[in-house]
Amino acid sequence: MLSYFASLLQEDMDVRLSIQEALSMMVGAYTNLEGAQLTLMEALVGSYLVKPEVQVRQIAVKFASSVFAPDHIPSRYLLLLSAGDPREEVYGEAQRALRTCSANSENESTPLKLPSFPVMVSHIMEKAASRMKTPVKFVTTTSVLPFNPAAFLEIILYLRMCLAHSAGVDPSCQSLADMQDQAPALGCYVRELISNDITAQDSSKNGDVNPVEMYISLIQQLLSAAGGLQVMYCLLEIVSIYPERLAASLVDKIDWIKNLMSANKEEMRELAAQLFAVVVVALPAPELKSKIQGLIKTAKDPHNPEAQHGSLLALGYLIGRYLDNTKTKNLQEQDETIMTCVETIGTLLDNGSPLSVAAITALGEIGRNGALPIPDEGSGFTKKQLVENLLARIPSGKETNKAKERAIRTLGYFPVGDCSFSHQKMLLQGLMESVEAKQIELQFTIGEAITNAAVGTKSTAARDVWIVPEEDYRPCADVKENDVVKWVLDQVLNKHIGSVNPHVRQASCIWLLSLVKKLSNHQEIKSKLKEIQSAFISILSDNDELSQDVASKGLGLVYELGSEHDQQELVSILVDTLMTGKRAKHEVSGETEVFQGTSIGKAPDGQGLSTYKELCALASDLSQPDLIYKFMNLANHHAMWNSRKGAAFGFNVIATKAGEQLAPFMSQLVPRLYRYQFDPNTGIRQAMTSIWNALVTDKTAVDKYLTEILQDLINNLTSNLWRIRESSCLALNDLLRGRQLDDVVDKLPEIWETLFRVQDDIKESVRKAAELALKTLSKVCIRMCEPCKGATGQKTIAVLLPCLLDKGIMSTVTEVRALSINTLVKISKSAGELLRPHTPKLIPALLESLSVLEPQVLNYLSLRATDQEKAAMDSARLNAAKSSPMMETINMCIQHLDVSVLAELVPKLCELIKSGLGLGTKGGCASVVVSLTTQCPQDLMPYSGKLMSALVNGLCDRNTVVQKSYAFALGHLVRTARDTSTEKLLQKLRSWYMEKEEQAYRTGCTLTIHAISRYSPDVLKNHAGMVLPLAFLAMHEVSDDEKGEKEDSNLWREVWQENVPGSISGGIRLYMKELIDISQKALQSPSWKMKAQGAAAMASIAKQQTGSLVPPHLGMVIGNLLHGLPGRTWSGKEELLKAIGTVVSSCSEQLKEPVPGQPSIEEIIQAVLKECRKENVKYKIIALKCAADVLESTKEDRFQELVDILFPMIKKSSNGTVGARSPKEEEDDDDENEKVKERHTESLLCAFSTLGKAWPRNADTQRCYRFEVCKLMCERLKLSTWKVQHAVLQSMNAYFQGLLILEKEHSDITALKEILTEACPALSHSLENKSYASVRTEAISVIEILVKKLEDSQQWESLTLDNRNLLISSLSTMELDSRPDLRDKGLLLKKKLENLN
């Protein structure tokens, strides 16, 4: 400890705080020191208390207060010194230690220990004497003190505490009024102390000084230097309690006391005046008279108001003490002096505050101790005039409350000192009529005054308050009686208690309480107990809390005074009132105030609704007289509640006295009292709490009556009165908090359900109270569901879950749903293994709630959104459901599943997957399945088939988001399924794809296979022979420009690419047979779309397997394609033709070789040409393209048959063409149908392309058609759009390339000249087309071929001079062409033609 204190002096501030904390924690270790160690500790603490560091002093104070006993004098002295420390943290700690030791002792139920008064005084005196000889003394401008004033004040107050403790009274009193009540007890002790002549223990140092004298000496020392109200009181108290012995010691200090009577503070002057009276009254008569005359002189001098005020008070207290001392003597010589005093005081009665207050006080003190020496009536200053003067002050608005209280008290004193006071009843009547609404606190003073005035000379007010306790006072036997208690009781009970004015009733109740309390043994009181009891009970139902409180206290007093029969009757009436709400009824007259003030509102004319008459008028103003009943009911409602509260006040007082009689009612009372403690009305709540504290002393009472309390609260939760509902909720909240509820587990569901109902209450405060109770209930239940609770936890979960799932989550009240969900989530986190048996019910219920709790507006929006918006919205909805608290709870539950639970859970889950309605539920089910596959794959294996079957049924859902969820689940589920189940699934999906035409089935199939490929690739590889051919076929889905179909084909392509080793062609080779089989099935499908898809797949096989597609596969492919051609044209049939074209183009060489079962080229061409004759233009174009590709690749001559198809087609398309049009003309031609134009154009493009490709190298065929074809092309070249011109020139290119007469072996100059004469003008026309470079490019290309062919075959003569010049002229225009390549070619050809000349 020494090292710590040393460090505290040296270390930095941060370190000091840690050392300070460590020392604080060490204090407890030193509490049992003894002997030398204790002395050493005392020395150490004393040395540290004077250190400059505040932390050191603070810790030293803590050690001084904690290590030593409360009666250890040296440590108390050290604390007293510290109480004068300049720093608040030090003096505050010291003051707390000195003043709270008694409280600590009481809490520990140990006897109070404070130092003995004589010993402590002696110790202080000794220390004071020694300090005066050292530099530590405190020096002021006028005096020297042993201690600084703050410490000195604390010393005096502590000595007062020690004096009170030694006298056997409570030393912890702080207020002067409470301390004065202890004065008689202190007086007994001081008298004993002085009579036994107890002196200081060490008389060698202090002489034979009595401890009381030392105490007075210390007080005088401080008072002379620093003053202070508390110190002044201590001096007055010690002298007043034994004036015979102690007053004499201050006789030589009279002038000093007189100076104190001129102090600045009014209270200080009053105390000094009392001290002056105590000291001076014992002086001999001449000196006393001299002092009185001096006071009269000062009192008349207005130049010093403070001295005037003090002198007035001193006169009153002095004359009062003098009269008290001379009651038994008959001394006439002083009457004249006293009369002069009273008249002097009377003249200052109207001088204004504070002099008037002092004058009233002085008159009261004189009147209390004797008769006023003034006339009863007449002119001048008389008793009647004085009474009227004082009564007039009570209702006056000019007077202060202090002046009014002093006036009332003085009025009450007059009959006490004067047995023949003739105005006694007038005085009492005046007091009773001085009732004002806003002067409630004055009524208590009036009550005391009425009591004193009623009993007169026998009043306890006549005693010396410093010496005689109230209960021990006995009036002199020879005193003449002036008792009017009977008359007063009659006035109060018959006139004032029954008043219609609530303020009068309230005041009379206060007076009656005072009468019963002060005059409990008076015969008149005892004879009228029944009437008084009835009066108090009638006041209980008043709407004023103070009235009820006073009435209840009165009932308590009446109960104590009554006989056993009276007591039983009173208890019975009060219990009945508390249980049933019965109340005393007041007669309602025209002037009755039903509502005080403006508690309801205002009438139409603005007047307050105070009386019955105004209520009737308001109802009439509204033309609804029946409203008056509602107003009265409302008043009755208020009265009923207040009556209960009134019963509570009375019950509180009686309960402390009637415990045995209340025992039979405990089981009924405890539940109600418990609930009333939480009443929304503050007054009721406070009253009931005080009853509870008085009646229920057993701390285990709540646990003892837990079942009864709980049942009462449950019953009252649905009361038709909102206050009861609210208080029940608040009480339930308090009852549940931190309490073991193992015995009432069965009531939990009822509590939950009832609170759910109250949560939807019409009143907001009730809803909030219910919410508070529910939150507490939730916390308690969560704790009860922890695994450590064992069987109780299991039982709690069993009773809670049905309630929360059926009533909580499904509630229409948002707050109820939120709390139920929150509770379930927390239970799932805390319950752990206990939750396992309940998961089969919990998980499906939570899954259903995912949809039920979703706002219905989302379904509405989803139904009316576009497909794209719907997909995005539904996806967001599903994500929200998956991240919801319900899903979190489900995931918690899944962690604790095992085989036994799965057997019960899976059938319910399957049923929910099949019958679930909402998006959230369906998506949640799929998510649960995925979680099961990862959490318990082995346990799930026996049930995978059932789950798979259920999920497959949902795959064809119209909602793509649901489809994706189910597919995702299946993608994971196949990992835990048996191979046979997986194979059945894949077969079903394959059959769906091949046979079902609805897009939902195909999409479901696509998503599932893709999910399996992504999440269970090993499973897919095991069934690759079944899945991958389907994927290949599905890759070639013919799109109808639907986004979904394009996405599907992309997913299939991904499946193929991810699972096929190497390139696409390698995969085709690997699965060739399976691919051909599935494509063949597709081609044989009744669905045209599937046929087209099969054809596309076949084409892809042929294209990817160029040279590798050999018999027998080639025959199978081409045979299947041809097999699909016959019959009507259907959407997608074009794919067959495209596939035939691709296969024949890729495998023409293999097809030329005859193979059994393989169609010949002739058969293929014949089948294709047949399709070319179909009327459907779009289809016909595709067929012609196919025919062109086939004929081009096989070099077969079928030109004659094609001519029959193409020439009419060209001529038909050209009928609508008037002539060649410029681009501007095309733009202006708005009237022509665009689609017809496009179709015509496509037909011409296809026809000329086919002519070119099908142009045979057969001399006979060419001889028949060469000129006709050339003429046809030349005509179209001049009369067509640029697109057609471009196609014609390309066709012309192929025509001249294959024209045999341009070759030397087949030369025919005449025929060639004719053809060239036809072709050259047309080509010149195209060369001069300035608008389209592509046309010029193709034209130059054709001329280039012609020139080259003519040059190679030496047939220049077939090109006539005119044609040559025409070409040269056209080529000349190319010199200005924007394209360099065309310029160069044109220049080269022009030179070549010019050189021929």
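Nothing fancy with the numbering, it's 1 onward along the sequence. Just so we're clear, the structure is a prediction, and the values are computed from it rather than from any experiment.
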Could you work out, with salt bridge (Lys or Arg N to Asp or Glu O under 4.0 Å) as the rule, every residue matching [X], not counting sequence neighbours?
| X | answer |
| --- | --- |
| Glu266 | Lys402 |
| Glu470 | Lys518 |
| Glu267 | none |

Test log, rule side-chain hydrogen bond (donor to acceptor under 3.5 Å, both in side chains), inputs Tyr317 and Glu270: CA-CA 10 Å; Tyr317 286 120; Glu270 193 162 342; 3.3 Å; yes
Can you give me the closest heavy-atom contact between [X] and [Y], atom names plus distance?
| X | Y | result |
| --- | --- | --- |
| Ser75 | Ala69 | OG-O, 4.2 Å |
| Ser311 | Ala299 | CB-N, 4.0 Å |
| Arg269 | Ala263 | NH1-O, 2.8 Å |
| Ala403 | Val357 | CB-CG2, 3.7 Å |
| Ile467 | Pro184 | O-CB, 3.4 Å |
| Gly316 | Glu365 | O-CB, 3.6 Å |

Mind checking the [atom1]-[atom2] spacing from [X] to [Y]? Nearest 0.5 Å is all I need.
| X | Y | atom1 | atom2 | result |
| --- | --- | --- | --- | --- |
| Asn148 | Asp85 | CG | CG | 9.0 Å |
| Asp464 | Ile241 | CG | CD1 | 11.0 Å |
| Asp324 | Asn369 | CG | CG | 4.5 Å |
| Ser166 | Glu192 | OG | CD | 10.5 Å |
| Leu193 | Leu186 | CG | CG | 11.5 Å |
| Gln182 | Leu163 | CD | CG | 9.5 Å |

Residues which pass side-chain hydrogen bond (donor to acceptor under 3.5 Å, both in side chains) with Glu89, listed by chain and number, not counting sequence neighbours: Arg87
Set of side-chain hydrogen bond (donor to acceptor under 3.5 Å, both in side chains) partners for Gln230, sequence neighbours left out: none
Partner set under ring pair (Phe, Tyr, Trp, His ring centres under 6.0 Å) for [X], not counting sequence neighbours:
| X | value |
| --- | --- |
| Tyr242 | none |
| Phe152 | Phe147 |
| Phe117 | Tyr215 |

Does any N or O in the side chain of [X] come within less than 3.5 Å of the main-chain N or O of [Y], such that one atom is a donor and the other an acceptor?
| X | Y | value |
| --- | --- | --- |
| Arg76 | Ala64 | yes |
| Ser122 | Pro118 | no |
| Thr410 | Ile360 | yes |

Could you tell me if the side chain of [Y] sits less than 4.5 Å from the side chain of [X], heavy atoms only?
| X | Y | answer |
| --- | --- | --- |
| Tyr158 | Pro115 | yes |
| Glu126 | Tyr77 | no |
| Gln221 | Pro146 | yes |
| Arg131 | Leu81 | yes |
| Arg245 | Val190 | no |
| Leu222 | Ile155 | no |
| Pro475 | Thr457 | no |
| Arg99 | Leu157 | yes |

Residue pairs, two or more places apart or on separate chains, that pass salt bridge (Lys or Arg N to Asp or Glu O under 4.0 Å) and touch [range]:
| range | answer |
| --- | --- |
| residues 292-312 | none |
| residues 228-240 | Arg160-Glu237 |
| residues 135-146 | none |

Passing option when Met261 is tested against Leu312, Leu275, Leu295, Leu271 for side-chain contact (heavy atoms from CB on, under 4.5 Å): Leu295
Salt-bridge contact Arg57-Glu93 (side-chain N to carboxylate O under 4.0 Å): no
Glu88 atom CD, over 12 foreign heavy atoms within 6.0 Å: no
Partner set under side chain to side chain contact (heavy atoms under 4.5 Å, CB included) for Val465, not counting sequence neighbours: Gln180, Arg463
Intermediate values then yes/no, side chain to side chain contact (heavy atoms under 4.5 Å, CB included), Lys291 and Ile254: CA-CA 10 Å; Lys291 296 293 182 189; Ile254 286 176; 3.9 Å; yes
Full working for side chain to side chain contact (heavy atoms under 4.5 Å, CB included) between Leu223 and Trp256: CA-CA 10 Å; Leu223 201 54; Trp256 171 69; 3.6 Å; yes
Side chain to side chain contact (heavy atoms under 4.5 Å, CB included) between Arg368 and Asn452, intermediate numbers included: CA-CA 10 Å; Arg368 184 172 69 88; Asn452 289 331; over 6 Å; no
Steps toward side chain to side chain contact (heavy atoms under 4.5 Å, CB included) verdict (Glu244, Arg191): CA-CA 10 Å; Glu244 299 89 343; Arg191 288 168 191 275; 3.8 Å; yes
